[in-house]
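Note on naming: letters A, B, ... go to the chains in the order of the sequence lines (proteins, then strands), and numbering restarts at 1 for each one.
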Amino acid sequence: MKLEGRIWKFGSDVDTDAIIPARYLNQSDPKELARHVMEDERPDFFQKVRRGDILLAGKNFGCGSSREHAPLALKAAGISCIIARSFARIFYRNGLNLGLPLLESSEASEEIREGDRVRVDLTTGEIFDVTQQKRFFANPIPAFMQELIRDGGLIAHLQKRGAKGKRQSSNPD
Amino acid sequence: MTITEKILAAHTGKKYVSPGDLIDARVDLALGNDITAPLAIEAFERIGAKKVFHRDRVVLVPDHFTPAKDILSAEQCQVLRRFAKAHRLSHFFEIGEAGIEHVLLPEKGLVLPGDLVIGADSHTCTYGALGAFSTGVGSTDLGAAMATGRLWLKVPESLKLIYFGKLKPWVSGKDLILFTIGDIGVDGALYQAMEFSGEAIRALSMASRFTMANMAIEAGGKNGIIEPDGITLNYIKPRAKRSYRLYRSDPEAHYADVREYDVSRINLQVALPHIPSNVKDVREVGRIEIDQVVIGSCTNGHLEDLRVAARILRGKKIAPSLRLIVIPATQEIFRQALREGLIEIFLSAGAVVSPATCGPCLGGHMGVLAEGERALATTNRNFRGRMGHAESEIYLSGPAVAAASAVKGRICHPEEVLRKGA
Ligand code: SF4
């Protein structure tokens with residue numbers, strides 16, 4: 001799976017309140033959420049972001065609440081992939097569960113610049129900065145999670161496998 | 001193995017698990033609220049699931065925007081209500097019997113030692129205070145777990161935090177956890193289990209233990225956990241309606257890191273904007289005037305927190321320029337506070353007392369901040385804009401500093417208020 005897009009660069013510890021403030025969480029329509037994504041951080045982000053763009057961040061991206069509205073809003077706004085030095089763990093799960101690819105690379109996080117064109121190969125973890133002609137490698141996504149992304153997220157994955165967990169529904173004390 | 005590894009192994013049917021293992025674990029309890037459950041229910045339906053895995057083990061608590069603050073919030077609550085009815089859930093809590101989920105579930109005896117609990121809310125880690133493994137997940141995970149009763153998890157490495165010594169007056173679990181986050185940073189325990197241990201933890205009340213486990217997520221932790229002891233059992237015994245298991249870490253268990261804190265050297269703490277690790281000793285924050293104080297939330301809305309606040313506010317008035325909002329975390333705490341005369345003390349001091357809700361903690365309602373305003377809150381996050389306008393500021397503290405500061409109109413140590421003519 002290959003992606004190409006323009007880079008939007010953010011700093012470290014971008015929290016879920018910054019990604020999508022709670023005042024918009026009285027509903028969960030992805031299009032409506034997308035309209036307010038990153039609004040307190042960069043008020044014009046939604047106007048300017050284009051389908052396929054890639055978000056780049058420092059450490060601990062998506063820290064804070066478990067609101068899946070955060071990756072959902074980014075995805076609905078057109079973000080195709082997020083590269084960061086590290087991710088907060090619930091955000092990481094949520095992103096992958098929604099089929100939004102997340103890559104971790106300290107070098108890419110530091111060296112890639114705002115506005116650069118970047119090509120990402122999800123299978124190999126290769127990140128190529130076309131503008132700067134620089135190549136980086138992300139920590140590989142665990143095979144199990146690659147399977148989730150390939151299936152298009154956890155729900156599609158479960159649909160495909162027929163929610164097989166249902167067989168194991170007993171829950172002894 | 002550590003206590004976390006033992007609980008995970010037990011829920012995977014294995015004798016042994018180690019950090020990094022991907023496991024498919026059995027879930028004892030799955031929780032959702034009015035923000036996260038609607039998406040989870042959507043995911044549940046998209047999977048094509050017809051039944052929840054167990055009607056006693058899926059808990060829905062509308063608490064964030066309740067009593068419904070607007071039409072959209074009311075509709076979200078309605079989604080939960082309808083789902084709870086259709087699936088005959090045993091535990092759906094309507095306002096009037098409810099409260100903030102993470103205080104409510106333990107109070108109702110729904111979480112027990114040794115359990116594996118997931119919740120579509122990051123502060124689900126609170127229940128680790130009871131010796132359970134509990135962690136926050138997103139809505140899709142919750143939807144899948146409601147259908148299957150299972151969840152994939154990566155076994156986390158454990159970080160052992162040992163606290164020794166005797167607490168100074170007024171210092172509580174909130175100060176210990178703020179100090180710890182200040183020390184290790186907001187990603188200091190990323191992907192890790194934070195195991196709180198040592199004589200100072202064993203001496204802590206249940207409320208203070210909940211507060212500490214509650215904020216494990218603020219250090220990036222997957223879960224926070226405390227080995228159950230006599231204090232845990234005193235809390236659990238009158239509440240438990242099913243059996244439970246007590247786990248302890250083996251003496252030779254492996255830890256990613258071990259840190260020790262002498263609590264006798266930890267003073268009252270305040271986290272400054274806009275990140276919970278920006279922590280200072282209350283005596284070192286300088287002169288910071290505030291517009292609003294909030295005492296409540298899943299972190300510090302316990303009865304014990306209200307008692308501490310009342311001890312300081314008794315017979316006092318809050319500063320004229322300031323608003324004080326007190327939010328008992330559950331209806332039961334509210335009633336008990338009423339019986340003990342705490343509510344009267346708050347009202348006489350000039351506070352408003354809100355029904356149990358998350359309310360201002362996430363900038364939802366019941367005390368949202370205007371541009372340029374400053375709040376001191378006993379909540380857990382002070383991210384930019386969390387309580388309202390992006391240009392407002394949030395300071396975090398425990399209930400003692402919050403109550404004292406409400407009297408002074410600026411952030412201060414309780415002794416400043418109690419010293420003269422108390
Ligand atoms: S009180 Fe605040 S932190 Fe706790 S569950 Fe509610 S919104 Fe989240």
Side-chain angles (χ1 to χ4, degrees), chain A residues 12-18 21-28 32 39-41 43 59-60 63-72 85-98 142-145 148 153-159 162-173, chain B residues 22 24 26-28 35-36 38-39 42-43 46-49 51 53-54 57 64-65 69-70 72-73 75-76 119-122 124 135-141 143-144 147-150 152 154 186-187 190-191 217-218 220 222 242-244 275 362-364 368 381 383-386 388 390:
Chain A
S12 283
D13 301 317
V14 173
D15 59 81
T16 49
D17 282 284
R23 57 183 179 274
Y24 302 117
L25 300 186
N26 53 2
Q27 50 82 43
S28 47
E32 194 51 40
E39 134 184 322
D40 289 348
E41 198 97 342
K59 72 173 175 74
N60 204 24
C63 60
S65 96
S66 68
R67 59 187 73 155
E68 202 162 299
H69 310 66
L72 195 60
R85 199 162 126 200
S86 61
F87 291 93
R89 58 157 287 278
I90 306 179
F91 186 92
Y92 187 74
R93 267 190 97 95
N94 287 347
L96 295 179
N97 279 344
L98 289 177
F144 170 72
M145 292 174 191
L148 278 191
L154 180 64
I155 296 305
H157 176 79
L158 286 175
Q159 280 168 344
K164 63 177 176 193
K166 263 192 282 181
R167 280 189 287 112
Q168 306 152 314
S169 63
S170 65
N171 202 341
D173 279 346
Chain B
L22 279 173
D24 179 32
R26 179 174 58 77
V27 167
D28 291 309
I35 290 181
T36 59
L39 276 177
E42 213 183 294
R46 272 185 12 243
I47 301 170
K51 274 175 71 181
F53 76 99
H54 195 312
R57 303 301 182 91
H64 281 59
F65 296 144
K69 72 163 175 134
D70 56 21
L72 290 173
S73 313
E75 285 170 352
Q76 302 221 103
D121 190 280
S122 59
T124 302
T135 192
V137 296
S139 295
T140 300
D141 274 328
T148 64
R150 308 191 74 85
W152 66 267
K154 190 160 101 179
V186 290
D187 59 350
L190 197 62
Y191 298 110
I217 182 71
E218 266 61 68
K222 183 168 196 143
R242 54 185 167 90
S243 60
Y244 49 89
I275 194 155
L362 79 163
V368 174
R381 289 187 178 137
F383 300 141
R384 186 184 296 277
R386 176 153 170 106

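Heavy-atom distances place the side chain of Thr135(B), and not its backbone, under 4.5 Å from chain A. With a 4.5 angstrom heavy-atom cutoff, Leu148(A) touches chain B only via side-chain atoms. Heavy atoms of Ser12(A) lying under 4.5 Å from chain B are absent altogether. Heavy atoms of Arg386(B) lying under 4.5 Å from chain A belong to its backbone as well as its side chain. The parts of Phe87(A) that come within reach of chain B are both its backbone and its side chain, each placing non-hydrogen atoms under 4.5 angstrom from that chain. Both the backbone and the side chain of Ile35(B) come within contact range of chain A, each with at least one heavy atom under 4.5 Å from a heavy atom of that chain. Within the 4.5 angstrom heavy-atom criterion, only side-chain atoms of Leu190(B), from C-beta onward, approach chain A.
No donor-acceptor pair under 3.5 Å is formed between the side chain of Glu39(A) and the backbone N or O of Pro21(A).
Checked for salt-bridge contact, Glu68(A) and Arg93(A) miss the test: no charged N lies under 4.0 Å from a carboxylate O.
Listed by chain and residue number, nothing satisfies the ring-ring contact (aromatic ring centres under 6.0 Å, His included) test with Tyr191(B) (two or more places apart in sequence, or in another chain). Lys59(A) is linked by a salt bridge (Lys or Arg N to Asp or Glu O under 4.0 Å) to Asp13(A), Asp187(B), counting only residues two or more places apart in sequence or in another chain.
Of all non-hydrogen atoms in Gly149(B) and Phe53(B), the two that sit nearest each other are CA-CG, 3.3 Å.
To the nearest 0.5 Å, the span separating CZ on Arg26(B) from OG1 on Thr148(B) amounts to 12.5 Å.
When each of Ala70(A), Ser65(A), Ser28(A) is scored by its heavy-atom pairs under 4.5 Å with chain B, the top score falls to Ser65(A). With respect to chain A, the highest number of heavy-atom pairs below 4.5 Å among Asp121(B), Leu72(B), Asp70(B), Val368(B) belongs to Leu72(B). Top candidate by heavy-atom pairs under 4.5 Å with chain A, chosen from Leu39(B), Leu22(B), Thr36(B), Ile217(B), is Leu39(B).
A donor-acceptor pair shorter than 3.5 Å can be found between the side chains of Ser122(B) and Arg381(B).
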